[in-house]
Amino acid sequence: MSVRHFLTLMDLSSDEYRQLIYRAIELKEMQHRGELFQPLKGKVLAMVFEKSSTRTRISFEAGMAQFGGHALFLSPRDTQLGRGEPLEDSARVMSSMVDGIMIRTFGHDVVERFAAASSVSVINGLTDRFHPCQLLADMQAYFEQRGDIQGKTVTWVGDGNNMCHSYINAARLLDFKLRIACPAGYDPEPEIMAAAGDRVEIIRDPMAAATDSDLLVTDVWASMGQEEEQKKRERAFADFQVNEAMMQQANNDALFMHCLPAHRGEEVSAAVMDGEQSVVWQEAENRLHAQKALLELLLAT
Ligand code: CP
Ligand code: NVA
């Protein structure tokens with residue numbers, strides 16, 4: 001039996017992505033009504049975190065509990081993974097005992113190797129290349145506020161990082177235009193760009209890239225694992241702050257998103273982050289509902 005994994009958004013079809021978004025909206029309403037819905041009774045999700053997390057850990061753990069299942073938090077410090085047990089051996093053993101495995105790690109190859117050796121679904125909870133779970137939540141937030149994103153224009157401002165790569169994949173699947181405003185030297189990977197064709201373009205000037213856009217998105221300048229580059233990156237990204245002047249370039253009803261954690265005064269001004277066009281708190285809450293829709297798809301059989 002072939003096992004279904006979620007390592008990048010490209011593991012979904014366009015239809016499945018939209019269905020997940022609509023299901024997440026439904027699950028959110030059920031949760032807000034206090035309705036008990038437990039399709040994962042007796043199921044266990046192992047969660048391997050090699051990097052820090054607030055949202056990803058809490059949303060998966062709370063989601064499994066609400067669904068009647070259970071989640072295990074595993075850090076490399078406390079497991080044999082941290083002492084050099086081969087990934088493949090760990091995946092084989094873990095997957096013989098649980099129903100799904102979520103991993104947050106550095107190299108994307110780690111989740112790929114883990115998935116290849118696992119007999120249960122593996123979910124990417126963030127790697128250096130991709131953060132697909134965040135794009136389920138972000139797109140849910142857009143659909144909730146503005147309806148379908150097909151044909152809209154989205155502007156990514158900042159680093160061509162894991163979040164940017166996942167926005168490129170979302171543009172492919174949901175058919176929106178993506179402008180990427182990043183300083184030279186911080187471009188997204190060319191192969192990921194190329195696969196998206198002319199839906200995605202790099203525009204160096206962030207003010208030009210923001211013009212008439214429907215959604216402005218940014219992320220930290222130094223991602224986890226790049227802490228020692230913080231100062232160098234602050235210089236490189238100095239002109240790439242999403243502030244009120246940049247928001248004014250966008251359409252009047254444009255939204256602002258950030259996966260969080262955010263640094264007010266760096267990649268986003270406090271006025272934009274806490275302003276009326278910001279939907280960052282909806283995005284964060286949607287991690288719970290969107291991943292419940294994902295868990296239902298992968299684990300509730
Ligand atoms: N956005 C996000 O993934 O947050 P955490 O790092 O807190 O999980
Ligand atoms: N690009 C950021 C996202 C954090 C959720 C990082 O990888 O640290």
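One-based numbering, in listed order, for ligands and for the atoms of each. Residue numbers run from 1 in the order of the sequence given.
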Strictly by side-chain hydrogen bond (donor to acceptor under 3.5 Å, both in side chains), give each pair with a member in residues 274-283 just once, sequence neighbours left out. Arg264-Asp274
Tell me the protein heavy atom at minimum distance from atom 8 (O) of ligand 2, and give that distance in Å. Met224 N, 2.8 Å
Nearest neighbour in protein (non-hydrogen) for atom 2 (C) of ligand 1: Arg287 NH1, 3.3 Å
For ligand 1, find out whether one of its N or O atoms is nearer than 3.5 Å to an N or O atom of Cys259. yes
Before signing off on this row, confirm whether Leu260 and ligand 1 have an N or O atom pair separated by under 3.5 Å. yes
Within ligand 1, which atoms have a heavy atom of Thr54 less than 4.0 Å away? 5 (P), 7 (O), 8 (O)
Suppose I only count heavy atoms of [X] and a 4.0 Å limit; which atoms of ligand 2 are within that range?
X: Asn161; value: 1 (N)
X: Leu126; value: 3 (C), 4 (C), 5 (C), 7 (O)
X: Leu260; value: 5 (C)

Gln134 contact mode with ligand 1 (heavy-atom cut-off under 4.0 Å): side chain
Filter on ring pair (Phe, Tyr, Trp, His ring centres under 6.0 Å), then keep only pairs touching residues 95-115, sequence neighbours left out; what's left? His108-Phe130
Salt bridge Glu144-Lys28, side-chain N to carboxylate O under 4.0 Å: yes
Proximity of Asn162 to ligand 2 by residue part, where a heavy atom lies under 4.0 Å: side chain
